[in-house]
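Below, read A as the first sequence line, B as the second, and so on, with proteins coming before strands; counting in each chain starts at 1. Remember, it's a predicted structure, so these values are computed and weren't measured experimentally.
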Protein chains: 2
Amino acid sequence: MGQQDEDMPSMRSSDGSATRSVRSDAKRNTDALLEAAMEVFATRGVDAPVREIAQKAGVGIGTVYRHFPQRADLIAAVFRREVDACADAAAALSASYGPADALAAWLLRYTDFIAAKRGLAPALHSGDPAYVSLHSYFKEKLLPVLRGLLDAAIEAGEVRDDIESMELLSAVANLCISAGKADGAVARRMVSLVVDGLRYGATDKS
Amino acid sequence: MGQQDEDMPSMRSSDGSATRSVRSDAKRNTDALLEAAMEVFATRGVDAPVREIAQKAGVGIGTVYRHFPQRADLIAAVFRREVDACADAAAALSASYGPADALAAWLLRYTDFIAAKRGLAPALHSGDPAYVSLHSYFKEKLLPVLRGLLDAAIEAGEVRDDIESMELLSAVANLCISAGKADGAVARRMVSLVVDGLRYGATDKS
DNA sequence: TATTATACGGAACAATGTTCCGTTTTGTCA
DNA sequence: TGACAAAACGGAACATTGTTCCGTATAATA
């Protein structure tokens with residue numbers, strides 16, 4: 001679903017048949033849609049009606065569904081970059097802090113990301129089949145990152161070793177659901193509580 | 001919203017005007033609805049369509065809305081007893097365990113309740129205005145209970161003192177969202193993590 | 001039994017996701 | 001450049017679901 005072969009006119013696909021380039025209006029519209037969706041999601045949350053996004057982008061509903069077969073695909077496209085950025089943040093944190101602190105810092109970074117998107121967290125774990133693709137993307141990108149941080153902290157004996165990274169990733173996302181008020185301060189506080197819980201286990205047995 | 005004056009024919013309201021008793025068919029239908037809703041919620045979650053519940057109860061949609069003006073009122077009615085039972089459980093736990101352990105045990109009891117109801121937790125904190133009454137009921141019943149347990153544990157110096165009980169109540173409910181699989185074992189594990197986080201704070205400063 | 005407040009049922013309305021298809025636009029090639 | 005076909009467009013139309021409305025049926029009372 002990611003980056004298709006943009007622009008270059010007249011390409012040839014691997015089997016030799018002629019392939020037309022992406023039409024200019026198509027590119028223009030997808031861009032407008034992503035822009036509009038980003039704004040709308042930021043203000044009204046990810047549950048905003050598709051029609052509203054289409055209107056803001058100056059585009060028909062049919063066009064939305066041509067580019068994003070399901071609501072969730074649009075959401076995924078909008079957040080893909082931010083997910084990537086969140087994943088990338090781990091490296092810098094690992095370099096600057098000790099294992100457990102890096103883990104804690106990254107979880108808060110992740111928290112801020114999720115908390116800022118009204119409705120994202122509920123959607124992620126709604127179990128709704130429409131959101132599986134979005135969930136997959138999060139998992140695929142962020143799980144390895146968290147696993148790396150967690151393993152390092154465990155290895156260093158700074159946190160307990162009986163928690164699955166997938167469970168932790170889900171749990172933190174879930175904790176962010178109540179965000180929105182107080183700029184996510186509540187979410188941060190709760191996530192910190194969980195992190196301390198991880199540490200508690202370590203002090204208990206190391 | 002609670003227990004209306006059931007059965008007794010021909011009562012008189014406080015201002016002296018004659019009042020007819022609750023009609024037998026009305027009572028029969030509300031009972032059938034509650035029964036049907038309980039089953040449907042258990043199998044398909046609280047997001048099940050109202051029509052399905054109405055049909056299962058052998059009743060028209062209009063009748064559902066006559067007795068429960070909003071979806072959430074029906075949900076609230078179905079879960080009221082269980083909420084009450086959960087609240088009542090605190091006393092016994094306080095008598096049997098030390099403050100922190102009682103707190104931990106009650107939170108797990110609460111976890112089991114929420115986790116067993118597919119979709120309840122998301123609904124509780126969706127912010128959806130339709131669910132405010134349900135949320136109010138939970139808050140009204142369970143918040144004082146949790147506050148009592150938490151304060152006792154804080155007083156005993158067994159847990160940290162910088163967490164609001166309301167936040168904790170919400171957080172635990174949110175953590176249960178991912179339940180359903182593995183009979184809520186994941187939810188219990190995550191809640192335990194939070195409880196340990198509470199303890200960590202105490203060991204940190206006491 | 002007659003009367004009337006109460007309750008019933010379901011058609012109808014509104015909001016929203018999604019599909020379908022006739023029309024328009026764009027890129028290519030003679 | 002001009003014609004043609006593939007691709008994209010727009011929005012009407014359909015499906016689902018919460019909620020309202022109101023004409024009809026029923027139970028309680030006199």
- Any Lys/Arg nitrogen of A/R147 or A/D151 sitting under 4.0 Å from an Asp/Glu carboxylate oxygen of the other? no

- Item | B/D31 bridged to B/K27 by N-O distance under 4.0 Å | yes

- Message: Is it true that, when you exclude B/E155 itself, more than 12 heavy atoms of the residues, nucleotides or ligands shown sit nearer than 6.0 Å to its CD?
- Response: no

- Between CG of A/N29 and C1' of C/dT26 the distance, given in whole Å, is 13 Å

- Item | NZ/NE/NH1/NH2 to OD/OE distance under 4.0 Å, A/R188 and A/D112 | yes

- C/dG27 phosphate, OP1 or OP2: any side-chain N/O from A/S24 under 4.0 angstrom? yes

- Query: Could you state the CG-P distance from A/D31 to D/dC9, rounded to the nearest angstrom?
  - Reply: 12 Å

- Item | Within residues 43-67 of chain B, residues whose heavy atoms come under 4.0 Å of DNA chain D | B/A48, B/P49, B/V50, B/R51, B/I61, B/Y65

- Query: What's the CZ-C1' distance between A/R28 and D/dG10, to the nearest Å?
  - Reply: 14 Å

- Just say parallel, tilted or perpendicular for the rings of B/F113 and B/F79, cut-offs at 30° and 60°. perpendicular

- Could you check how far CG of B/L74 sits from C1' of D/dT17, rounded to whole Å? 15 Å

Report each atom pair, protein N/O against N/O of nucleotides 21-23 of chain C, whose distance is under 3.5 angstrom.
none

- Task: Check DNA chain D against residues 32-39 of chain A and give the residues with a non-hydrogen atom under 4.0 Å, in numerical order.
- Result: none

- Message: If I compare all heavy atoms of A/R160 with all of A/I154, which pair ends up nearest, and what's the gap?
- Response: O-CG1, 3.4 Å

- Message: Surrounding CD of A/E35 (heavy atoms of other residues, nucleotides or ligands, distance under 6.0 Å), is the total greater than 12?
- Response: no

- Electrostatic pair A/D88:A/R109 at N-O distance under 4.0 angstrom: no

- Task: Determine yes or no for a side-chain-to-main-chain donor-acceptor pair under 3.5 angstrom, with A/Y200 supplying the side chain and B/V195 the backbone.
- Result: no

- Note on the structure: B/R23 atom CZ is separated from D/dA28 atom P, nearest whole Å, by 7 Å

- Could you state the CG-P distance from B/D25 to C/dA5, rounded to the nearest angstrom? 17 Å

- Note on the structure: Of all heavy-atom pairs linking A/I163 and A/L198, the shortest is CG1-CD2, 3.9 Å

- Query: Any ion pair linking B/R189 and A/E164 (charged N to carboxylate O, less than 4.0 Å)?
  - Reply: no

- Message: Side-chain N or O of B/Q70 versus OP1/OP2 of D/dT19: is the shortest distance under 4.0 Å?
- Response: yes

